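What follows is one structure encoded as structure tokens, with my remarks underneath.
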There are 2 protein chains.
Amino acid sequence: MANHSLDTLFAALGDPTRRAIIERLAHGPAAVKELAAPHDMALPSFLQHIKVMEAGGIIATRKEGRQRMCRMEPNALIPLQGWLEWQRLAWEAQIHQQKD
Amino acid sequence: MANHSLDTLFAALGDPTRRAIIERLAHGPAAVKELAAPHDMALPSFLQHIKVMEAGGIIATRKEGRQRMCRMEPNALIPLQGWLEWQRLAWEAQIHQQKD
DNA sequence: AGGTTAGTTAGGATCATGGCTAACCATTCA
DNA sequence: TGAATGGTTAGCCATGATCCTAACTAACCT
């Protein structure tokens with residue numbers, strides 16, 4: 001649940017590796033190894049991205065045997081959509097005030 | 001217009017100072033000085049944030065006399081909304097596939 | 001002209017990010 | 001039991017982000 005900041009969320013999405021992970025997990029859970037496969041990168045480096053996203057509340061992970069399974073935290077991105085929508089509304093309101 | 005990357009856009013919004021600038025500009029244009037006022041920060045530091053956002057296509061600026069006026073680039077954030085929406089849809093589609 | 005205002009340029013300090021290798025642990029399988 | 005697999009920890013390094021001060025330029029005001 002945790003109150004994850006927009007800072008953390010936006011920063012997490014600023015990295016293409018991490019967005020790719022989200023794009024993959026949106027289609028269902030996967031183990032670290034599988035997630036890492038397309039990402040020409042050493043496992044420890046990759047794991048850091050996983051940790052960033054877990055810390056940011058974007059994904060959740062748990063150990064199953066020797067694998068670590070990862071899944072989306074589906075509500076995590078809502079604050080971002082909210083903020084963007086808020087800006088859009090403010091902008092449009094401001095447009096409509098521009099009379100004569 | 002430019003094809004600004006999600007990388008750049010998300011990264012730009014990862015900083016609270018820059019989000020505050022956007023929040024302010026959503027209500028109408030402003031000069032650098034005015035934007036900087038609430039941000040206990042030296043002007044050169046602040047200017048860098050302005051440059052980051054201009055480079056990212058989020059705002060546009062032009063000199064007017066000795067001031068530099070800044071305004072929103074209203075379509076800049078659309079790719080972000082698009083990406084977020086895309087993820088949401090992928091997630092929901094995946095949910096519905098979970099039968100029996 | 002001289003001073004004030006707004007911005008700009010240059011250069012430096014500090015810290016976080018994102019990558020690596022090497023070595024280790026825990027689980028599974030033959 | 002021993003080897004392979006999947007992950008983890010530790011430590012290193014290069015780069016870039018974010019802040020600063022000092023000094024300069026360009027407009028505007030009296």
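Note that the coordinates shown come from a computational prediction; the quantities given were computed from them, not determined experimentally. The sequence lines fix the lettering, A, B, ..., with proteins before strands; numbering per chain opens at 1.
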Nucleotide D/dT18, atom P - distance to CE of B/Met41 in whole Å: 10 Å
Under a 3.5 Å distance rule, please check whether B/Gln94 uses its side chain to pair with a backbone N or O of B/Trp91 as donor and acceptor. yes
Taking OP1 and OP2 of D/dC20, is either one under 4.0 Å from a side-chain nitrogen or oxygen of B/Ser45? yes
Are the side chains of A/Glu23 and B/Gln87 in touch, meaning some heavy atoms are under 4.5 Å apart? yes
Nucleic acid footprint by protein, nucleotides 3-9 of chain D - heavy-atom cut-off 4.0 Å, B for base, S for sugar-phosphate alone: -BBSBBB
Ion pair B/Glu73/B/Arg71, N-O distance below 4.0 Å: yes
Pair listing, ring-ring contact (aromatic ring centres under 6.0 Å, His included) test, anchored in residues 45-73 of chain A, at least two apart: A/His39-A/Phe46
How would you list, by chain and number, every residue that makes a salt bridge (Lys or Arg N to Asp or Glu O under 4.0 Å) with A/Glu85, sequence neighbours excluded? A/Arg88
Between A/Leu80 and B/Leu13, does a side-chain contact (heavy atoms from CB on, under 4.5 Å) hold up when you go through it step by step? CA-CA 10 Å; A/Leu80 302 189; B/Leu13 300 192; over 6 Å; no
Is the shortest side-chain heavy-atom distance between A/Met72 and A/Ile22 below 4.5 Å? yes
Axis bend over the full length of the helix from C/dA1-D/dT30 to C/dA30-D/dT1, computed from five pairs that close each end, to 10 degrees: 20°
Chain B on DNA chain C: first and last contacting nucleotide, 5' to 3', under 4.0 Å to a heavy atom? C/dT4 to C/dT9
Taking only residues two or more places apart in sequence or in another chain, which ones pass salt bridge (Lys or Arg N to Asp or Glu O under 4.0 Å) with B/Arg18? none
Looking at side-chain heavy atoms only, is the closest gap between A/Val32 and A/Thr61 below 4.5 Å? no
If you define the side chain from C-beta out and look only at heavy atoms, does anything of B/Ile21 sit under 4.5 Å from B/Ile58? no
Between D/dA10 (P) and A/Gln48 (CD): distance, integer Å: 13 Å
Nearest-nucleotide comparison on DNA chain C, the residue closer to the 5′ end among A/Gly65 and A/Arg18: A/Arg18
